[in-house]
Amino acid sequence: MSLQNAELRSKIYAEKVEYLYSNAGRVFALTLVVGCFFAFLQYSVVPVHFVLIWLSSLIIVATGRVGLAYFYFHHDSAKLTPRHWHFAYSTGSFLAGCMWASTLIFMFPSANLPHQILVFFLLSGVISTAVSVLSSSLNSFYLFVTPIIITVIAQIFFTFTDISLPLCLMVIFYIIGQSLSAHSFHKSLVSSFTLRFNNHDLYKEILVRKQAQDQLHQQQERLQITFSAMTEGVIIVGLDSTIEYINPAAETIFDLPTLGVIGQNINDIVFAIDRNTKLRSHAACLTTLKSNHCEKKTFHIETENEIHKVIEEISTPLQDSNGTMVGAVSIFRDITEASEYNRQLVHLANHDSLTGLPNRALLCDRLEHAITKASRAKTLIAVLFLDLNRFKHINDSLGHSAGDRLLCHVAEHILLSIRQEDTVVRFGGDEFIIILEDIAERQQAEEVATKIINHIAEPITLCKQTLSAQASIGIAIFPTDGRTAPELIKNADSAMYRAKDSIQHHIQFFNADLHLATARKLKLSQQLSQAIEKDQFEIFYQPQLCLDKDKIIGFESLLRWYASPDDLLTPEDFIDVAEDSGSILKIGRWVLQQACRQCHIWHHAGFDGLCVAVNLSPHQLWDDKLVEQIKQILLENDLPPHVLELEISAHVFLSDPDKALRQTQRLKTLGIKLTIDNFDTALSSFSSIDRLSIDKIKIDKSLVHALADDSTNVAITRSIVDLGKTMHLIVVAEGVETSAQRDQLKELGCHCYQGNYFSQAIPAKEATRRLKSHQFSFQQS
């Protein structure tokens, strides 16, 4: 309360100061008019210089006070407080009082009674005016009046000696009367200000309450609209469990009548039903009424229309402003669709969307459960890892939809081959895993595997072609081949790869030798990832010669790997590992860089027509960055594009002909040469061979080695040479080991050859030495 009083006094104080300054302009203007008129009246009875002195002081004081009022209304109020302005005004009032007091000194005639009386009347009028003008500040009033009264009394004593005492008493009574009037006026003014401020505060309070009521009303309307528009059901119950409010969504969820629900017990309206026992249980809001805590519950209901629904209820205590619980509010959501959707998501997360079989996410859970069961029962488990043979070829040639139909065909026939308690999992792509539980011996697993292979081999028609699916199966037995799920899967996978490599046996059991081979492959993979950094790779170069002149036209780059100081490996030993591990792209780029760098060295040494051939893996060919990489490598080594030849395996064109055509056309735009490696009769029937944008074809060494054994191989080789000539391609034979092979190829019309007959692949330094010593005869191209 004291803070409010202090604030009110501060406001009244500021208002009194503003009242002083608000009247200043009119009062000071009136002062100038009255002063000038008075000076005119006294001009004839008072010396002129006195009139001028008095009038000048009047103008100076009046002008100063007008200026002060101007600054008050136009100055930054934040810099000066009302007390500063009050002090300035009071000072001006005192100066004004002194100026009017000086009237008795300068404007009081010595021998003219009427004009003397005029002076007293003027001063009394000034004091009367001050009552109304200055009484808002009693300090200013008394500072103004005091100099005048003192001067008047002094003048009376000096001028009217005989009647000075009565006159002084009259003056005193007059000033007392004016002081009382000033005090009364001041009190009225303060009361007026106080009342105005109180009324203003009351008005603001009424306005705030009105706004609060309006906001409360708006909030109630919005809450009502919100509850009505909500898709969630809302029910409010009292402490006696009776329904006090229900929104339309709740009526829809529970299939309730529009009227007649308010006032009923909620347990008679909303209750859960167990789908198995059909027993009823109460809603969560009844628990909230007992515990005074939030409750959440998911339950099933059946409406009068026998529609089954899954409902989620969240119940919260309803409290008044004192924190006393007066009821509960429950929000209901129909999550039937969401519940079904979640069930489907769980199914999809654990099952293959194409075949409907469990996927690898569910595999370990099923296998771990089977292992636990077999460990207690001392029985065997067989894990069969199945992979379809040549599935990619079917997928690429007939399309993905045909491949999907084949996978569904395989899944159905695997299920027909096993018991109901066994598990079939689609592991990924064309791979399936079968878990056979509770088997008596290994032979039983092999019988099931044979049955599966026979069943899935049943003919199926895809894209008007009748096909028979072939598969390879690897088998791992618990507990001899592994005691954990990952170990059994890994070992069955290894056995499957051995089955793929076998020509006759498409079913293989895991054994220790296979484990060692897998371990060696893993070790090679780990070593390969660091081989470039450890500088373990070296490029060997095998000459390519023109058959007519036996002169070198270029070299084929052949990678060698010093896995250890005494262990030199060729690509046949590690290229499959590099492709499986993904390091082939890094290795292939390194080979390209080294081969082009060596070609630059030979050109700089004077062998500027020499070409270098580099084998390109399928992974490199499919790499979108290949063209830019080759362009950059040629630029770095300042090589013309035509001296670089890329050798691409013929089987790449058979696996994905359209993609191969697009990539080779992109490569040809660089100006480099392209060679089809391992060319045989398989590709000679390729319908788009004329669009391959190639420069050379390489006869596979298997044909070259068999030239002397079979006339059929001679005919095949001749057809390849004739094909090359017809298409204006250079034909290169690789793997030439004897002079007889060389002579026969020359007779058949082959253009070039390479092989150990002339030179094995040798390091770059040795090749350079032989070129410079003319042991290799170089032909400018």
Side-chain angles (χ1 to χ4, degrees), residues 346-347 349-352 355-389 407 410-457 469 471-502 505-519 521-522:
V346 172
H347 179 82
N350 293 286
H351 290 78
D352 174 46
T355 63
L357 296 175
N359 58 17
R360 70 166 65 196
L362 198 58
L363 171 63
C364 284
D365 181 67
R366 294 278 181 93
L367 189 49
E368 292 288 356
H369 177 75
I371 290 172
T372 302
K373 182 179 176 182
S375 297
R376 287 198 295 262
K378 305 297 183 183
T379 57
L380 301 179
I381 300 173
V383 176
L384 281 60
F385 201 116
L386 181 148
D387 182 87
L388 295 179
N389 299 333
L407 290 173
V410 170
E412 291 172 3
H413 285 74
I414 292 175
L415 289 172
L416 293 174
S417 307
I418 62 174
R419 301 166 299 180
Q420 188 174 0
E421 60 266 27
D422 297 327
T423 300
V424 182
V425 174
R426 186 183 175 196
F427 194 65
D430 59 337
E431 297 176 335
F432 296 83
I433 289 181
I434 302 97
I435 303 173
L436 305 178
E437 298 186 49
D438 193 21
I439 62 173
E441 56 184 358
R442 293 164 64 92
Q443 184 64 29
Q444 188 177 345
E446 186 174 7
E447 291 172 357
V448 174
T450 303
K451 188 177 180 182
I452 291 172
I453 288 178
N454 292 335
H455 275 182
I456 67 175
S472 299
I473 297 179
I475 304 174
I477 302 296
F478 171 85
T480 56
D481 298 333
R483 292 184 170 273
T484 65
E487 190 177 5
L488 287 168
I489 295 170
K490 181 187 72 173
N491 292 341
D493 187 20
S494 299
M496 182 272 294
Y497 276 106
R498 171 169 286 189
K500 269 188 171 297
D501 294 336
S502 175
H505 305 289
H506 295 297
I507 301 172
Q508 291 286 337
F509 282 91
F510 176 80
N511 56 48
D513 293 339
L514 188 59
H515 182 72
L516 292 175
T518 303
K521 186 176 179 181
L522 179 61

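Below, each value reflects all heavy atoms present in this structure, side chains not excepted, and no hydrogens, waters or symmetry copies. The shown structure was predicted, so the numbers you read here are calculated from the model rather than taken from an experiment.
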Closest non-hydrogen atom pair between A440 and L380, with its separation: O-CD1, 3.7 Å
Rounded distance [0.5 Å steps], NE2 in H455 versus OG1 in T450: 11.5 Å
Where A370 and I435 come nearest, the two heavy atoms and their spacing: CB-CG2, 4.4 Å
Nearest-0.5 Å distance, CD1 of residue I452 to CD1 of residue I473: 5.0 Å
Heavy-atom closest contact (A485 atom, E368 atom, distance): CB-OE2, 3.5 Å
Residues forming a side-chain hydrogen bond (donor to acceptor under 3.5 Å, both in side chains) with T423, sequence neighbours excluded: none
Residue pair N511 / R498, side-chain heavy-atom distance below 4.5 Å: yes
Value rounded to 0.5 Å, distance of CD in Q444 from CG in D438: 8.0 Å
Pairs flagged by salt bridge (charged side-chain N to carboxylate O under 4.0 Å, His left out) wherever residues 414-429 is involved - sequence neighbours left out: D352-R426, R419-E421, R419-D422
V448 versus S417, closest heavy-atom pair with distance: CG1-O, 4.1 Å
For the student: nearest non-hydrogen atoms of S472 and M496, plus distance: O-CG, 3.7 Å
Min side-chain heavy-atom separation N389-K500 under 4.5 Å: yes
Residue pair I439 / T379, side-chain heavy-atom distance below 4.5 Å: no
Check: V383 and I433 side chains under 4.5 Å, non-hydrogen atoms: yes
Spacing of CZ belonging to F432 relative to CG belonging to L357, to within rounding of 0.5 Å: 6.5 Å
Check: E447 and K451 side chains under 4.5 Å, non-hydrogen atoms: no
Value rounded to 0.5 Å, distance of CD in Q508 from CD in E446: 9.5 Å
Nearest heavy-atom neighbours spanning A469 and V410: CB-CG2, 4.4 Å
Side chains of L362 and V425 in contact at under 4.5 Å (non-hydrogen atoms): no
ring-ring contact (aromatic ring centres under 6.0 Å, His included) against F385, all qualifying residues, sequence neighbours excluded: F427
Distance in Å, N491 CG paired with I477 CD1, rounded so as to fall on 0.5 Å steps: 11.0 Å
Candidates L384, T355, I456 - the one meeting side-chain contact (heavy atoms from CB on, under 4.5 Å) with I414: I456
Side-chain heavy-atom pair I489, R360 within 4.5 angstrom cut-off: no
